[in-house]
Amino acid sequence: MAVWGLGSRLGLRGCFGAARLLYPRFQSRSPQGVEDGDRFALELVTEKGHIFAEELQKIQCTLQDVGSALATPRSSAREAHLKYTTFEAGPILELERWIDKYTCQLPPLTAFILPSGGKISSALHFCRAVCRRAERRVVPLVQMGETDANVAKFLNRLSDYLFTLARYAAMKEGNQEKIYKKNDPSAESEAL
């Protein structure tokens with residue numbers, strides 16, 4: 001089975017319905033493919049064998065469902081395809097439970113933190129950045145009615161989960177998180 005075809009050589013991506021979507025390399029504002037980046041980044045973290053590795057693997061599968069929902073525009077897809085790619089609220093509720101599970105073990109957040117806390121924590125912060133970018137690109141599709149609102153909700157909760165998990169990983173590995181400190185322009189001018 002070929003992994004490419006004439007359509008892919010032209011930059012087209014197949015989706016349910018009659019539509020063909022341009023690949024992200026030709027469409028800078030397309031959400032298609034962003035979930036692929038998050039799945040790859042998550043795989044880097046799951047290889048380390050943390051207790052949350054199974055959760056991340058489940059999220060990778062759910063991101064495949066996100067991709068299916070995004071590749072099925074409501075305006076042009078058949079009803080059978082829309083039914084198959086409906087994105088339910090279950091994964092969102094599961095993320096919320098996981099967030100609560102880790103949050104209760106963390107010290108209270110009293111300041112903004114910078115992406116830090118060791119390799120695993122930093123990789124999770126990177127995953128969060130990819131996820132936030134996907135969320136920003138999906139919101140207009142939800143507003144236009146082209147995809148399920150639960151897709152955007154899932155990505156929003158996923159970014160919260162990844163942030164919480166990054167903090168948890170830093171704590172479990174004994175690494176310090178770097179605290180954001182606003183630059184004080186008056187202190188710089190006094191030093192001159």
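Just so you know, these numbers use all the heavy atoms, side chains as well, and skip hydrogens, waters and symmetry mates. These figures come from a predicted structure and were not determined experimentally.
With a 4.5 Å cut-off on side-chain heavy atoms, Asp148 and Val66 do not count as touching. Put simply, the side chain of Pro115 does not reach to within 4.5 Å of the side chain of Arg128, judged on heavy atoms. Residues Leu95 and Thr62 fail the side-chain proximity criterion, which asks for heavy atoms closer than 4.5 Å. Inter-residue side-chain proximity for Leu141 and Val151 is flagged as unmet; no heavy-atom pair is nearer than 4.5 Å.
No path of Ile, Leu, Val, Met, Phe, Trp and Tyr side chains, each step under 4.5 Å between heavy atoms, connects Leu106 with Ile179, placing them in separate hydrophobic clusters. Cluster annotation: Val139 and Leu155 are assigned to distinct hydrophobic clusters (Ile/Leu/Val/Met/Phe/Trp/Tyr, side-chain heavy-atom contacts under 4.5 Å, transitive). Note: the hydrophobic cluster containing Leu109 does not contain Met171 (ILVMFWY, side chain heavy atoms under 4.5 Å, direct or indirect links). Placement of Ile113 and Phe126 in two distinct hydrophobic clusters is found when ILVMFWY residues are connected by side-chain heavy-atom separations under 4.5 Å, directly or transitively.
Note: Tyr102 and Tyr168 have tilted aromatic rings, judged against thresholds of 30 and 60 degrees for the angle between ring planes. The aromatic rings of Tyr161 and Trp98 lie tilted to each other, with the angle between the two planes from 30° to 60°.
To the nearest 0.5 Å, atoms SG (Cys131) and CZ (Phe154) are separated by 7.5 Å. Rounding to the nearest 0.5 Å gives a distance of 11.0 Å between CG of Leu63 and OG of Ser68. Remark: Phe163 CZ to Cys127 SG distance equals 14.5 Å, nearest 0.5 Å. Expressed to the nearest 0.5 Å, how far CD of Glu94 lies from CD1 of Ile59 amounts to 8.0 Å. Between atom CG of residue Leu158 and atom CZ of residue Arg132 there is a gap of 11.0 Å, rounded to the nearest 0.5 Å. Between the CG atom of Leu56 and the CD atom of Glu54 there is a distance of 10.5 Å, given to the nearest 0.5 Å.
Residue pairs meeting the salt bridge (Lys or Arg N to Asp or Glu O under 4.0 Å) criterion with at least one partner in residues 151-169, sequence neighbours excluded, are Glu96-Arg157, Arg167-Glu177.
Remark: the backbone N or O of Gln60 is not paired with any side-chain donor or acceptor of Gln64 at under 3.5 angstrom. For Asn175 (side chain) and Ala170 (main-chain N/O), no donor-acceptor pair under 3.5 Å exists by modelled atom type.
Taking a 6.0 Å sphere around CD of Glu173, one finds it holds more than 12 heavy atoms contributed by other residues, nucleotides or ligands. Shown here is Lys58, whose NZ atom has no more than 12 heavy atoms of other residues, nucleotides or ligands within 6.0 Å.
The nearest pair of heavy atoms linking Gly117 to Ser122 is N-OG, 4.4 Å.
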